Amino acid sequence: MAYLKIISGAANSSSTFDLSDGETTIGRHPDCTIIVEAGAVSRFHAKVVGSTGKFELSDSGSRNGTFLNGQMVSAPTALKDGDRIRISEVEFTFVAEQNQAFSGSEMTFEGANFGIMMVDDREPPSQPFTTSSPMVEIRNSVDGFAMSATPEAKLEPLAQLISCVGDALGVDDVLPKSLTSLFRLFPAADRGFIVMKDEDGNLVPRWVKTRGLHDETETIRISKTIIRRVMESREAMLSMDASDDSRFDSSQSIADFSIRSMICAPLLDSEGEAFGVLQIDSTQGRGQFREDDTDLLAGVAAYSGILINNARMQEQAIKQKEVEQDLLLATGVQQAFLPDQPPNAPGFRVSSYYQAAHHIGGDYYDYIHLPGGRVAVVVADVVGHGVAAAMFMAKLSAETRFCLASDTDVAAAIERLNDRMSALEVDRFVTFLVMVLDPASDQVTIVNAGHMPPLVRDTNTKDINEPGEEESGLPIAIAEGMDYEAVSFEMKPGDMAAMYTDGINEAMDVNDEEFGIQRIRELIQSGGDSEQVINEVVAAVTEHVGEADPFDDMCLVIVERYDRASESSDLDAAQQLSQAEQLAKLKAESADIPTSTFEEDL
C-alpha cells in the first residue's frame, strides 16, 4: 500500500499515513485526513487523490503554496516513488508501495544516534536458502558447503540493479534498491549494509538489510575496523573468516560479531575519495564468497557510488530550489516593508532607489508620517546582508515607527529605539539616520546613529555640507543607555539632501576600487532635480561596478526643497493658459459653422 511519511519539520517525524483510492486531505482543519499543526499551514492545504493505485497531488488554494520536489504545485501532479512534498516546514516523502521482494526485514538508520557499532547476536535461520533452483550453484567450502549465483543468475539482478537504481532520484531510494539487488547477486549473504560519512565526517549506517526473520528490537553491530581499512585503501576486501583474519588481530570485538565470510567495497566520489562502504557478510561458515565475488561487488559499489553521488546532487539541487523559492517569497515580504510612493510632505520632493545585493538585504528606508504634518525620512543599514539582516531589518522597521510615533522629541525617540533593539541581544547592529521634515518650517531636524551624514547641496553656492557629522552617536543595538543629539539646519527652496548607505560609496569594481563619497558629491553638485540626481548616481555606480559581483545592498534617498508659492503661481498660470486655449478652440470651431445653419435653426 502506498503511504506518506513525515521526514522533517514535525515532532512526530516518524509518522506514516496510508493512502488509498479516493481523496486524502492535508491541513489544519480537524476534518482533514492528515492534520498538520505546524507553521503557516492552511485549514485545507493540499490533497492527494488516488485512483487504481495512481496518486496525484493538488494544492487546495493554500496561502503559502504546496511544493513537490522544490517546485510549487499549480495543477494536479502525478506522484512517483520517492517524491518529496513540502507543506510549510513539514516535509513528506511519497512511497508508492512497501518493498516485499524478500521475506527479510529492512531498517533505515538516519543520523548518528544509533552509533556505528551495532550488535546482531540472533541465531541464523536454519534454512535460509533454497537449494533446488538451477540458478544457484552449490560448491564445497572449508566448513561444508557454500552457495553462489551462477553467471546466468547474476545477469538478471545485475541488469535490474542498473535499471531500477538508475531511475532512483533520492539517496534513500538508491540505497535499498542497491541492497535488494545484491541479495539476488549473492545468495550466500544474510546481511548487507551501506555506511556513509555525514556532513561532519562521522560514519553513519544509512541502510541495513537482513535475510530471513529478524527482531527489529535487536541492535546490529558493524565493525569500524573493517570499514576504515577499506576506506583508507579505497580497495574492496574479501575475508574468508573475519574472526580469524590476521588483518584484524587488533580488533578483538570482531570475534563477537558472528561474522565469518564478508566482502566490503568502498563507495567513491567523482574525485576518487571514499565517502562510505557497501558490505555483505555471512554467518554460515568460511568460504561463502570468492575472489570473483569481490570484483563483482567492487563493480557494483563503483556504480552505486556514482548513483549515490548523483542522487545527493539531485537532493541538493531540490533543496537549493526550495531555498530560492523561499528567498523569492522573502523578497516580496521585504518589499512590503519599504514605501511604495513618496511621502505627503508639501514643499518637499522625495525620491529613492533600493537594490539588495542578493535576493533580500539589510538596508532599510522608510517615510513615517508624524503628528502635526511632519514626516520622518529614515535610512539605515543593518550590518551584513541576507536573511538574518533582513529579519533584523523587519524588527527595526516596526520599532522605528512605534518609537517615533510615541515621542515628539526625535533624539529621545531614537534613544528609546536603541534600548529596545539592544534588549534583543542579537549579534547585529544598525547605522541609522533620520531626517524630520516640517512643511510649516524651513528647519529640518536630523539624528545620526553611526551613519554617514547627509550630503546637503546649497542651491546658491552649490557647496556640499554634512550637518550632524560631529554629533553622530554610536550605531543602534550596540548597548543600551546611549545618548543621541538632534541637529537642525535650514533647507531653502532649491536645496537638496542625499541620504545613502555604504553600498553606494563602497561599491567596488573588478579591481577592488571603491566608487567613493567624492563621486557622489560631484554628481549632486552638478545640478538637476532629485530624480535626475538619483538616475545619474545609479548609472555611475553601475558603470563603475561593471562585471564585478554586487558588494553590498544599495539605498539612496534624496530630499529636495521647493517653493510652494511658485508652484501655486505655475499652477494658476497653467490653468489660465488652459482656459485661453479652450476659448480659442471654441472660437475656431464656431468660425467654421456655415451661416445657413443658424438660419435653419432659427
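Residues: numbered from 1 along the sequence shown. All of these numbers come straight from a predicted model, not from anything done at the bench.
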Q: State, yes or no, whether a side-chain contact exists between Thr400 and Asp366 at a heavy-atom distance under 4.5 Å.
A: no
Q: Measure the CG-NE2 distance between Asn64 and His45 for me, rounded to the nearest 0.5 Å.
A: 6.5 Å
Q: Please report the C-alpha distance between Tyr562 and Asp529 in whole Å, then the side-chain angles of each, then the deciding distance to 0.1 Å, and finally whether the side chain to side chain contact (heavy atoms under 4.5 Å, CB included) criterion is met.
A: CA-CA 10 Å; Tyr562 68 88; Asp529 60 21; over 6 Å; no
Q: Output yes when a side-chain donor or acceptor of Asp407 lies under 3.5 Å from a complementary backbone atom of Asp409, and no otherwise.
A: yes
Q: For the pair Glu485 (side chain) and Glu471 (backbone), establish whether a donor and an acceptor sit closer than 3.5 Å, ignoring hydrogens and angles.
A: no
Q: Under the side chain to side chain donor-acceptor pair (under 3.5 Å) rule, collect the residues that match up with Thr93, sequence neighbours excluded.
A: none
Q: Do other residues, nucleotides or ligands put more than 12 heavy atoms under 6.0 Å from the CG atom of Asn511?
A: yes
Q: For residues Pro76 and Val49, determine if any side-chain heavy atom of one lies less than 4.5 Å from a side-chain heavy atom of the other.
A: no
Q: Nearest heavy-atom pair of Ala376 and Leu404: which atoms, and what distance?
A: CB-CD1, 3.9 Å
Q: Which pair of non-hydrogen atoms, one from Ile35 and one from Arg28, has the smallest distance, and what is that distance?
A: CG2-O, 3.9 Å
Q: For residues Cys403 and Arg420, report the shortest heavy-atom separation together with the two atoms involved.
A: SG-CD, 3.7 Å
Q: Do Pro454 and Leu433 come close enough that some side-chain heavy atom pair is under 4.5 Å?
A: yes
Q: Mind running side chain to side chain contact (heavy atoms under 4.5 Å, CB included) on Met435 and Val559 for me, showing each step along the way?
A: CA-CA 9 Å; Met435 177 183 292; Val559 178; 4.2 Å; yes
Q: Assess whether side chain to side chain contact (heavy atoms under 4.5 Å, CB included) is satisfied between Leu424 and Lys395, documenting all intermediate values.
A: CA-CA 10 Å; Leu424 297 176; Lys395 178 64 174 175; 3.8 Å; yes
Q: Looking at side-chain heavy atoms only, is the closest gap between Phe392 and Val383 below 4.5 Å?
A: no
Q: For the atom pair CD1 (Ile306) and OG (Ser270), what is the distance rounded to the nearest 0.5 Å?
A: 9.5 Å
Q: Any idea which heavy atoms bring Ser530 and Met496 closest together, and the distance?
A: N-CE, 3.7 Å
Q: Hey, does the side chain of Ser58 reach the backbone of Lys47 with a donor-acceptor pair shorter than 3.5 angstrom?
A: no
Q: Does Val377 offer a backbone N or O that forms a donor-acceptor pair with the side chain of Tyr367 under 3.5 Å?
A: no
Q: Take atom CD of Glu271 as the centre, draw a 6.0 Å sphere, and report whether it contains more than 12 heavy atoms from other residues, nucleotides or ligands.
A: no
Q: Are Met393 and Val430 packed together at the side-chain level, in the sense that at least one heavy-atom pair is separated by less than 4.5 angstrom?
A: no
Q: State the CZ-NZ distance between Phe94 and Lys80, to the nearest 0.5 angstrom.
A: 10.0 Å
Q: Would you say the side chain of Cys555 lies within less than 4.5 Å of the side chain of Tyr364, judging by non-hydrogen atoms?
A: no
Q: Please answer whether the main-chain N or O of Asp363 pairs with a side-chain N or O of Tyr354 as donor and acceptor at a distance below 3.5 Å.
A: yes
Q: Can a donor-acceptor pair be found, under 3.5 Å and without considering hydrogens, that links the side chain of Asp419 to the backbone of Gly481?
A: yes
Q: For the pair Ile85 and Ile26, evaluate side chain to side chain contact (heavy atoms under 4.5 Å, CB included) and give the outcome as yes or no after the intermediate values.
A: CA-CA 11 Å; Ile85 301 168; Ile26 307 172; 5.7 Å; no
Q: Classify the angle between the aromatic ring planes of Phe44 and His29 as parallel (below 30°), tilted (30 to 60°) or perpendicular (above 60°).
A: parallel
Q: Determine whether a donor-acceptor pair (N or O, by modelled atom type, separation under 3.5 Å) exists between the side chain of Thr77 and the backbone of Ala75.
A: yes
Q: Hey, which of Val382, Asn418, Thr431 is the one that makes side-chain contact (heavy atoms from CB on, under 4.5 Å) with Pro475?
A: Thr431
Q: If you compare all heavy atoms of Ala78 against all heavy atoms of Leu68, which two are closest, and at what distance to 0.1 Å?
A: O-CD2, 4.4 Å
Q: Between the side chains of Gln443 and Ser488, is a donor N or O closer than 3.5 angstrom to an acceptor N or O?
A: no
Q: Kindly write out the residues that satisfy side chain to side chain donor-acceptor pair (under 3.5 Å) with Asp442, not counting sequence neighbours, or none if the list is empty.
A: Arg561
Q: Going from CD1 on Ile520 to CD on Glu536, what distance comes out if it is rounded to the nearest 0.5 angstrom?
A: 13.0 Å
Q: Find out whether Phe432 and Leu417 are in side-chain contact, i.e. whether some heavy atom of one side chain is under 4.5 Å from a heavy atom of the other.
A: yes
Q: Starting at CD of Gln525, measure out to CD1 of Ile464 and round the result to the nearest 0.5 Å.
A: 4.5 Å
Q: Below 4.5 Å, heavy atoms only, C-beta onward: do His451 and Thr501 meet side chain to side chain?
A: yes
Q: Do you know the tightest heavy-atom contact between Leu523 and Ala540?
A: CD1-CB, 3.9 Å
Q: Can you tell me how far the OG1 atom of Thr25 sits from the CG atom of Asp31, to the nearest 0.5 Å?
A: 8.0 Å
Q: Quick check on side-chain contact (heavy atoms from CB on, under 4.5 Å): which of Val538, Val537, Asn535 does Tyr353 satisfy it with?
A: Val538
